[in-house]
There are 2 protein chains.
Amino acid sequence: MSKKDTNTEDKILKAANKVFTQKGFAATRTRDIAAEAGINLALLNYYFRSKKKLFDIVMLENLKKFLVVNLKDIFNNEKLSINQKVQEVVSKYTILLKSNPDLPIFILNEIKNNPQQLAQNLGAREIIFQSHFFKQLQSQTTVKISPKQVIINILGLTLFPFIAKPLIKNIMDMDSEDFDDFVDERNHLIPIWIDAILKE
Amino acid sequence: MSKKDTNTEDKILKAANKVFTQKGFAATRTRDIAAEAGINLALLNYYFRSKKKLFDIVMLENLKKFLVVNLKDIFNNEKLSINQKVQEVVSKYTILLKSNPDLPIFILNEIKNNPQQLAQNLGAREIIFQSHFFKQLQSQTTVKISPKQVIINILGLTLFPFIAKPLIKNIMDMDSEDFDDFVDERNHLIPIWIDAILKE
DNA sequence: AAATTAATTAATCAGATGATTAAAATTGTT
DNA sequence: AACAATTTTAATCATCTGATTAATTAATTT
């Protein structure tokens, strides 16, 4: 490892990301972040001014990770069919959430507390509603089902198991391996289900 | 109104339910509960000993509301077909969540922090896996799709919009009326979609 | 090397927060 | 009414928590 393998600022950011996503803003203590980062508490305020400012940075990173990276390129790839796009979206989210299980609850939970400011800056609205995918759905879907409903179906079917992971593992008596198999199976099936829904 | 329209204990419980479900355990101040209930802070500890004990009571009530009330009777009603059961479940949850929008995040978020103790006491496992509905699914579903997947599909399609409500309203530029229309439409469509999935 | 700037530390502050206490007020009992 | 038990209140405690400060150490510049 080089001397500056990770500088203090990055160590704090990494630790903050871990603790914030795991426990949420209110339950997080700045001392926990400092301990996790292995630095003096005062350095947190030295580099980031306040807990809230540090949180905002972490949240923005995660929002980008969650909303943009996954959707933008897929939704606008004109070479992909509807079904291929669904496959890509489900697969990307399944991979992302298998290694970031706390991401959905973290984001949804904290967005609830900040009704406005978040998310619109990321251009999520445009990414979705002006996308090639949305136009494909508009020209394909029947009067029974709107593109908005389809998109919520894709996201609901894909994200819900991760959001409800602790509950599902408990009630369905799954260990972590069972759960991974379960979402892998869904990764394969959801595009088929969406296809069935669109043909309905 | 009678003199004892609501006694102190109930006032505290009602207020605690409101504040806890809205803000979660960590972000809730006992002083906020006292203020919401219009009582002296000390009465909270007088009646419920501690913030945590009060929270546990509120959480148990909400878990029951969320898990048992909705599912138990429907899942075991032998007179209902699969499709009728799906209609009932979706409809009951849609009604419940329209008047309790914070319920899903509240429960899922706090279950995450209590991996074990919760939920198993409610017998949710038995309610689902020993239900008439589960057996119906077992005899109907193909090799492609297990009853577990179907149940998660029903719950995901139904609950996800409420879980992601702030995000959806923001990104899809909906007001509260739009959102209600949106979930009402889903209430009608989800049973049809589940049917399509089962026939797939 | 000296001087300047940046980074780090230990100690501390001020306000928030869950909880307790002792006294006062209310209600119930004899 | 007198007494006892219960409920309510205001004040206070002890601890937690985000943030700051002043001093120290390390790095950079001149």
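Convention: sequence-line order gives letters A, B, ...; per-chain numbering from 1.
Residue A/Arg31 places a side-chain atom within donor-acceptor reach of the base of D/dG18, judged by atom type and a 3.5 Å distance cut-off alone.
You'll find that the side chain of A/Asn40 is closest to C/dA10, out of D/dA19, C/dA10, C/dG18. When each of D/dA19, D/dT21, D/dT9 is scored by its nearest atom to the side-chain atoms of B/Ala42, the top-ranked nucleotide is D/dT9.
Contact annotation for B/Leu44: no contact, since no heavy-atom pair falls under 4.0 Å across all strands. Backbone-only engagement by B/Tyr47 is indicated by non-hydrogen atom pairs under 4.0 Å involving sugar-phosphate atoms exclusively.
Regarding A/Ile33, its CD1 atom lies at a distance of 8 Å from the P atom of D/dG18, rounded to whole Å. For A/Arg29 and C/dT17, the CZ to C1' distance is 10 Å, given to the nearest whole Å. Atom CG in A/Leu41 sits about 8 Å away from atom C1' in D/dA19, given to the nearest Å. In this structure, A/Ile12 atom CD1 and D/dG18 atom P are separated by 14 Å, rounded to whole Å. Atom NZ of B/Lys51 and atom P of C/dA16 are 16 Å apart (whole Å). Between A/Leu43 atom CG and D/dA19 atom C1' the separation is 13 Å, expressed in whole Å. When the C1' atom of D/dG18 is taken as reference, atom CZ of A/Phe20 falls 11 Å away, rounded to whole Å. Between the P atom of C/dT8 and the CD atom of A/Glu9 lies a distance of 10 Å, rounded to the nearest Å.
A heavy-atom distance below 4.5 Å is not found between the side chains of B/Asn76 and B/Phe133.
Electrostatic pairing of A/Lys14 and A/Asp10 does not count as a salt bridge here, judged by no charged N lying under 4.0 Å from a carboxylate O.
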Below 3.5 Å is the cut-off: list the nitrogen or oxygen pairs between protein and nucleotides 4-6 of chain C, distance only.
none

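For C/dG18, one of the phosphate oxygens OP1 or OP2 lies less than 4.0 angstrom from a side-chain nitrogen or oxygen of B/Thr30. Of the side-chain N and O atoms in A/Thr8, none sit less than 4.0 angstrom from OP1 or OP2 of C/dA7.
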Starting from the C-alpha separation in whole Å, work towards a yes-or-no answer on ring-ring contact (aromatic ring centres under 6.0 Å, His included) for B/Phe66 and B/Phe106. CA-CA 11 Å; B/Phe66 187 72; B/Phe106 172 67; over 10 Å; no

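Judged by the 6.0 Å distance and 45° axis criteria, B/Lys51 is positioned over the aromatic ring of B/Phe25.
With 3.5 Å as the limit, one finds a donor-acceptor pair spanning the side chains of B/Gln136 and B/Lys85. Neither side chain, B/Ser131 nor B/Lys72, offers a donor N or O lying under 3.5 Å from an acceptor on the other.
Looking at A/Asp180, A/Asp184, A/Asn187 one by one, the single match for side chain to side chain donor-acceptor pair (under 3.5 Å) with A/Lys98 turns out to be A/Asp184.
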